[in-house]
Amino acid sequence: MELSEALARTSINRLTEFSSLADVLEPDIIQSCLNSNGVATLRRRKLPMDAMVWAVIGMSLFRSESVRQLINKLDIVLPQEVDYVARSAVTQARKKLGSDVVRDIFHRSAATWHQRAEHPHWCSLNLFGVDGVVWRTPETKENSAAFARTANKACESGYPQVRMVCMMELSSHLLVDSAFDSVAENEMNLAAKLIARVPDNSLTLFDKGFYSLGLLHDWQSKGENTHWLLPLKKGTQYEEIRSLGKHDKLVRLSTTPQSRKKRPELPLTIEARLTTRQVKGKQVSILSSMLDPMAYPSAEIVDLYAHRWEIELGYREMKQYLLESRFTLRSNLPELIHQELWGLLLAYNLIRYKMILMAKSLKSVFPNQLSFRDASSHIINKLTNMPLYAPGNVPKLILDIERNAKQFKLEGKRERNYPRCLKVSKNKYPVAKRKNAAHLK
């Protein structure tokens with residue numbers, strides 16, 4: 001560890017005042033989701049279900065701890081004569097809890113937190129991003145049967161994998177919804193499952209890999225002013241209808257018979273707006289559903305796409321900082337993999353909502369201008385070291401927002417001072433290891 005990083009981590013570990021995490025994730029939401037899924041604790045158990053929800057969240061907050069150690073850390077075991085909890089008891093409790101409960105808690109808490117947050121907007125539209133990520137699962141018989149593996153000409157991945165697609169509010173990194181399945185599932189099919197939760201008066205930024213007129217038409221038709229934007233894919237055929245200005249025109253895109261077969265309501269053609277601009281000597285063309293040139297100025301449309309990178313940063317925060325670069329998930333069963341992933345998304349949103357509150361205490365600072373590494377390290381460190389109170393609750397004391405927000409503010413994003421370059425392609429032929437390398441001496 002470099003000296004600067006060591007000093008930074010030391011500075012964020014000073015004692016502060018805390019308040020309950022339950023003030024953010026209300027117990028009523030947890031209990032309601034337990035009741036609606038029929039898994040509420042009806043009698044006094046050693047591992048109550050409401051406490052197990054916090055254990056699933058803690059699996060991501062305390063990545064270096066085993067689940068049994070985590071249960072002891074969070075004081076989840078009810079006071080009894082025997083404090084020991086067998087591994088099988090933990091697995092049985094997680095199976096009883098299931099993944100649907102944690103999924104419903106994620107959705108309800110996300111809706112509540114988005115409603116409370118005051119997100120900035122562009123031309124009365126809130127900015128969202130959609131992109132995919134892949135997670136590795138342990139190599140068990142059950143996971144291998146449920147999740148496929150990626151492969152190339154040379155070899156196959158050593159781990160079963162899960163493909164996930166998320167929708168994120170880009171100024172706060174707060175997640176709205178997620179869909180995941182085996183890595184064999186197409187990203188566009190997973191993105192289609194997010195349409196039901198697309199907010200009104202929103203602009204969603206896609207990567208060009210999501211170019212599907214069926215998906216984009218359904219996205220735009222979902223609600224009021226649910227717009228989309230993505231780069232023009234190379235080789236896309238279109239017909240120019242009329243010019244809206246310099247480097248700005250209205251175009252007509254033709255749908256395919258295959259897409260109309262899957263979506264009978266899909267029209268033969270779709271109108272879109274094509275905006276072109278030179279960025280660092282390179283021509284960038286952006287397709288969007290924002291057809292009104294008076295309401296949505298073309299001078300800013302191309303620049304908007306750069307904000308899509310925020311969701312990539314969010315995935316890095318989950319994998320590199322929250323999970324401490326332990327890229328393989330914990331669970332050995334597919335249902336528990338789903339539960340663990342919903343718990344990860346819930347834990348990430350929990351920290352991100354705390355950062356929204358922190359940003360509100362500062363003037364002219366957005367949540368994505370605060371350091372997730374330092375803020376999450378501070379919160380998790382306090383959860384680790386402060387005394388615990390009620391069973392099943394994370395500590396009663398958490399982060400005095402106004403006192404600590406300034407130390408997490410980022411200085412500003414650095415500009416890349418070297419060009420991107422292509423990596424050397426891998427050898428498609430496996431390299432055999434020599435048993436005896438004495439002749440090389």
Which pair of heavy atoms, one from [X] and one from [Y], lies closest together, and at what distance?
X      : Y      : result
Leu345 : Cys166 : CD2-SG, 4.3 Å
Met167 : Pro199 : CE-CD, 4.4 Å
Ala191 : Val130 : CB-CG1, 4.4 Å
Leu250 : Ala272 : CD1-O, 3.3 Å
Asp104 : Ser36  : OD2-OG, 4.4 Å
Glu187 : Gly132 : OE2-CA, 3.4 Å

Polar contact flag, side-chain donor to acceptor under 3.5 angstrom, [X]-[Y]:
X      : Y      : result
Gln220 : Thr226 : no
Asp200 : Asn225 : no
Ser109 : Thr112 : no
Ser144 : Arg149 : yes
Ser221 : Asp218 : no
Glu139 : Asn143 : no

Under the rule for salt bridge (Lys or Arg N to Asp or Glu O under 4.0 Å), what residues qualify as partners of [X], not counting sequence neighbours?
X      : value
Arg330 : none
Glu335 : none
Arg94  : none
Glu317 : Arg352

Give a yes or no on whether [X] atom [atom1] has more than 12 heavy-atom contacts from other residues, nucleotides or ligands under 6.0 Å away.
X      : atom1 : answer
Glu118 : CD    : no
Tyr315 : OH    : yes
Gln115 : CD    : no

- Query: Who are the ring-ring contact (aromatic ring centres under 6.0 Å, His included) partners of His227, not counting sequence neighbours?
  - Reply: Tyr296

- For Tyr211, what residues pass the ring-ring contact (aromatic ring centres under 6.0 Å, His included) criterion, not counting sequence neighbours? none

Can you name the residues that form a side chain to side chain contact (heavy atoms under 4.5 Å, CB included) with [X], not counting sequence neighbours?
X      : result
Lys360 : Ile356
Arg308 : Asp131, Leu205, Asp207, Tyr305, Ile311, Glu312
Ala184 : Ala148, Ser182
Leu333 : Lys95, Glu142, Leu336

With a 4.5 Å cut-off on side-chain heavy atoms, are [Y] and [X] touching?
X      : Y      : result
Glu271 : Val251 : no
Asn368 : Leu170 : no
Phe372 : Met355 : yes
Leu232 : Ile286 : no
Val162 : Val183 : no
Thr276 : Gln283 : yes

Hey, what do you get for [atom1] ([X]) to [atom2] ([Y]), rounding to the nearest 0.5 Å?
X      : Y      : atom1 : atom2 : value
Thr204 : Leu230 : OG1   : CG    : 11.0 Å
Asn349 : Leu174 : CG    : CG    : 4.5 Å
Asn126 : His114 : CG    : NE2   : 9.5 Å
Lys319 : Glu324 : NZ    : CD    : 15.5 Å
Ser285 : Lys249 : OG    : NZ    : 8.0 Å
Met318 : Ile351 : CE    : CD1   : 11.0 Å

- Message: Would you say the rings of Tyr348 and Tyr321 are close, in the sense that their centroids are separated by under 6.0 Å?
- Response: no

- May I have the step-by-step check of side-chain hydrogen bond (donor to acceptor under 3.5 Å, both in side chains) for Thr150 and Gln161, ending in yes or no? CA-CA 8 Å; Thr150 56; Gln161 296 176 321; 2.9 Å; yes

If we ignore hydrogens and angles and just use 3.5 Å, is the side chain of [X] paired with the main-chain N or O of [Y] as donor and acceptor?
X      : Y      : answer
Ser32  : Ile29  : no
Ser172 : Pro367 : no
Thr269 : Ser254 : no
Asp248 : Arg273 : no
Glu265 : Pro267 : no

- Message: Show every ring pair (Phe, Tyr, Trp, His ring centres under 6.0 Å) that has at least one partner inside residues 164-183, sequence neighbours left out.
- Response: Phe180-His338, Phe180-Trp342

- Message: Please determine whether ring-ring contact (aromatic ring centres under 6.0 Å, His included) holds for the pair Phe206 and Trp219, giving the CA-CA distance in whole Å, both sets of side-chain angles, and the decisive distance to 0.1 Å.
- Response: CA-CA 11 Å; Phe206 293 93; Trp219 202 276; 5.0 Å; yes

- Query: Checking side chain to side chain contact (heavy atoms under 4.5 Å, CB included) for the pair Ile270/Arg252: CA distance, chi angles, key distance, verdict?
  - Reply: CA-CA 6 Å; Ile270 292 177; Arg252 182 180 292 114; over 6 Å; no

- Message: Using side-chain hydrogen bond (donor to acceptor under 3.5 Å, both in side chains), reason through Ser178 and Arg103 one step at a time and then give a plain yes or no.
- Response: CA-CA 9 Å; Ser178 178; Arg103 179 200 62 198; over 6 Å; no

- Message: Check this for me: does any side-chain nitrogen of one of Asp303 and Arg277 sit under 4.0 Å from a carboxylate oxygen of the other?
- Response: yes

- Test side chain to side chain contact (heavy atoms under 4.5 Å, CB included) applied to Val176 and Val198, step by step: CA-CA 8 Å; Val176 178; Val198 178; over 6 Å; no

- With Arg136 as the cation and Tyr159 as the aromatic partner, state whether NZ or CZ is under 6.0 Å from the six-membered ring centre and within 45° of the axis. yes

- Note on the structure: Sorted by chain and residue number, the side chain to side chain donor-acceptor pair (under 3.5 Å) partners of Thr255 (sequence neighbours excluded) come out as Arg260

